[in-house]
Peer 1: 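One structure, as structure tokens, below. Some questions next.
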Protein chains: 2
Amino acid sequence: MDFIFVMTSEAAKIFVDYLAGNGLSMTPQRKVIVETFLETKGHFSAEELLALVQKTVPEVGQATVYRTLKLLVDSGLAESHDFGCGVALYEHSYGHEHHDHLVCTRCQKKVEVVDESIEKRQEILARKNGYVLTNHRMMLFGLCPACQKLRDKEEAES
Amino acid sequence: MDFIFVMTSEAAKIFVDYLAGNGLSMTPQRKVIVETFLETKGHFSAEELLALVQKTVPEVGQATVYRTLKLLVDSGLAESHDFGCGVALYEHSYGHEHHDHLVCTRCQKKVEVVDESIEKRQEILARKNGYVLTNHRMMLFGLCPACQKLRDKEEAES
DNA sequence: AATAGGATGAAAATGGATTTCATTTTCGTC
DNA sequence: GACGAAAATGAAATCCATTTTCATCCTATT
Ligand SMILES: [Zn+2]
Ligand SMILES: [Zn+2]
Ligand SMILES: [Zn+2]
Ligand SMILES: [Zn+2]
């Protein structure tokens, strides 16, 4: 493998700095994984990322993707979520404000949501119990508009 | 095994009704598992429940505990939570109002919390996006008072 | 180019949870 | 009370996402 290590985006720089700051080195595998990651949108699993990476460099191993995904999370570029579907899903966190998720229980469609007053109340709840809040997870589950229609149609038919 | 099927608590009745309503039968195993479950407090894993059950009836198998725990969840008596510790933890949900959790990231101490205004806002968030909210999960992570002290002490020492 | 510590991929291991399957139980029917 | 279909059980096997192992390869520094 013969790569030129040029990664110019802000996010890429953060990753490079993270590696340098932790005595880790940039490698062809890490480069292609991070580049591929940076091109993704939305929420995806490690397996999905692996498949994308292998379109470019088929010999990258899954263990390396898992390992690099961990580095991405630690460097603050990625965030991992458990939506209850059995696999961890990742998403960008650099340049993405904090948000929570509204998930359709039927088609898995996800909407990113934030409510400042909820965030404030969470702080208050924690403080009231003497805890120092470090982070939180909030996931709202329901039926998306499309799936509501589908369900209504199904009910009408039966 | 020779059991007398007397389960008098409200919760036990709900379970019995759930079984009847679904063409399932009460069995000695289900009985001891449910009784043991009803005696627990707080949050516990399937393995922990299995251990408790086996103190009374050693020959109960783990698969049966997993299976019965699922029935307990379906019947509305139990709730399962993923606190990120690698195993599902269960808790009573009959006679327990809905609540969310504030969890210490160091000692796992859990406080049950509710904030009506957060619950209302969640509804609004969902509706604003056209979703029909069915349920939600909210978990606040932080350091409990005791662990804050411990951490301060450690920092002073180093 | 020598070297030491990292990094990698294939394969094996892990571990919670689920499934399989041969054997029992349950429960309505005779 | 015995019968038989359907359900339930336990032990063991299996699943499956993720992690670990380990022999080999690469990177950065001299
Ligand atoms: Zn939030
Ligand atoms: Zn949907
Ligand atoms: Zn709530
Ligand atoms: Zn604590």
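Lettering follows sequence order; numbering is per chain, from 1.
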Peer 1: Can you tell me if Glu97(B) has over 12 outside heavy atoms packed within less than 6.0 Å of its CD?
Peer 2: no

Peer 1: Going by the ring-ring contact (aromatic ring centres under 6.0 Å, His included) test, which pairs reach into residues 51-78 of chain B, not counting sequence neighbours?
Peer 2: none

Peer 1: Provide, to the nearest angstrom, the distance between the CZ atom belonging to Arg30(A) and the C1' atom belonging to dC26(D).
Peer 2: 11 Å

Peer 1: Between Leu19(B) (CG) and dT25(C) (P), how many Å, whole number?
Peer 2: 19 Å

Peer 1: Starting at atom CG of Leu50(B), determine the distance to atom P of dA11(D), rounded to an integer number of angstrom.
Peer 2: 10 Å

Peer 1: With sequence neighbours excluded, what pairs up with Glu155(A) under the salt bridge (Lys or Arg N to Asp or Glu O under 4.0 Å) test?
Peer 2: none

Peer 1: Show every side-chain hydrogen bond (donor to acceptor under 3.5 Å, both in side chains) that has at least one partner inside residues 36-48 of chain A, sequence neighbours left out.
Peer 2: Thr40(A)-His92(A), His43(A)-Glu91(A), His43(A)-His101(A), Glu47(A)-Gln62(A)

Peer 1: So does Ser25(B) get a backbone contact from the side chain of Arg30(B), meaning a donor-acceptor N/O pair under 3.5 Å?
Peer 2: yes

Peer 1: To the nearest Å, how far apart are Lys31(B) NZ and dT26(C) P?
Peer 2: 13 Å

Peer 1: Could you list the donor-acceptor pairs under 3.5 angstrom formed between side-chain atoms of residues 123-134 of chain B and any protein atom two or more places apart in sequence or on another chain?
Peer 2:
residue   : atom : partner   : partner atom : Å
Asn129(B) : ND2  : Leu125(B) : O            : 2.8
Tyr131(B) : OH   : Lys109(A) : O            : 3.1
Thr134(B) : OG1  : Phe141(A) : O            : 3.0

Peer 1: Below 4.0 angstrom from OP1 or OP2 of dG10(D), is there any side-chain N or O of Gln29(B)?
Peer 2: yes

Peer 1: Within the structure, does a side-chain N or O atom of Arg67(B) lie under 4.0 Å from either OP1 or OP2 of dT19(C)?
Peer 2: no

Peer 1: Decide whether His98(A) and Glu119(A) meet the rule of one side-chain donor and one side-chain acceptor closer than 3.5 Å.
Peer 2: yes

Peer 1: If only side-chain N and O atoms of Thr27(A) are considered, is one of them under 4.0 Å from the OP1 or OP2 phosphate oxygen of dA7(C)?
Peer 2: no

Peer 1: Let me confirm one number: the CG-OG1 distance from Asn135(A) to Thr105(B), rounded to the nearest 0.5 Å.
Peer 2: 7.5 Å

Peer 1: Between atom CD1 of Ile33(A) and atom CG of Leu72(A), what is the distance when rounded to the nearest 0.5 Å?
Peer 2: 8.5 Å

Peer 1: Starting from the first five and the last five pairs of the helix from dA1(C)-dT30(D) to dC30(C)-dG1(D), work out the angle between the resulting helix axes, to 10 degrees.
Peer 2: 20°

Peer 1: Can you tell me how far P of dG28(C) sits from CG of Leu24(B), to the nearest Å?
Peer 2: 13 Å

Peer 1: Could you check how far CD of Gln54(A) sits from P of dT8(C), rounded to whole Å?
Peer 2: 14 Å

Peer 1: To the nearest Å, give me how far apart CE (Met26(B)) and P (dC27(C)) are.
Peer 2: 10 Å

Peer 1: What does the list of N/O pairs under 3.5 Å between the protein and nucleotides 15-19 of chain D look like, with a distance for each?
Peer 2:
residue : atom : partner  : partner atom : Å
dT18(D) : OP1  : Ala88(A) : N            : 2.9
dT18(D) : OP2  : Tyr66(A) : OH           : 2.7
dT19(D) : O4   : Gln62(A) : OE1          : 3.4

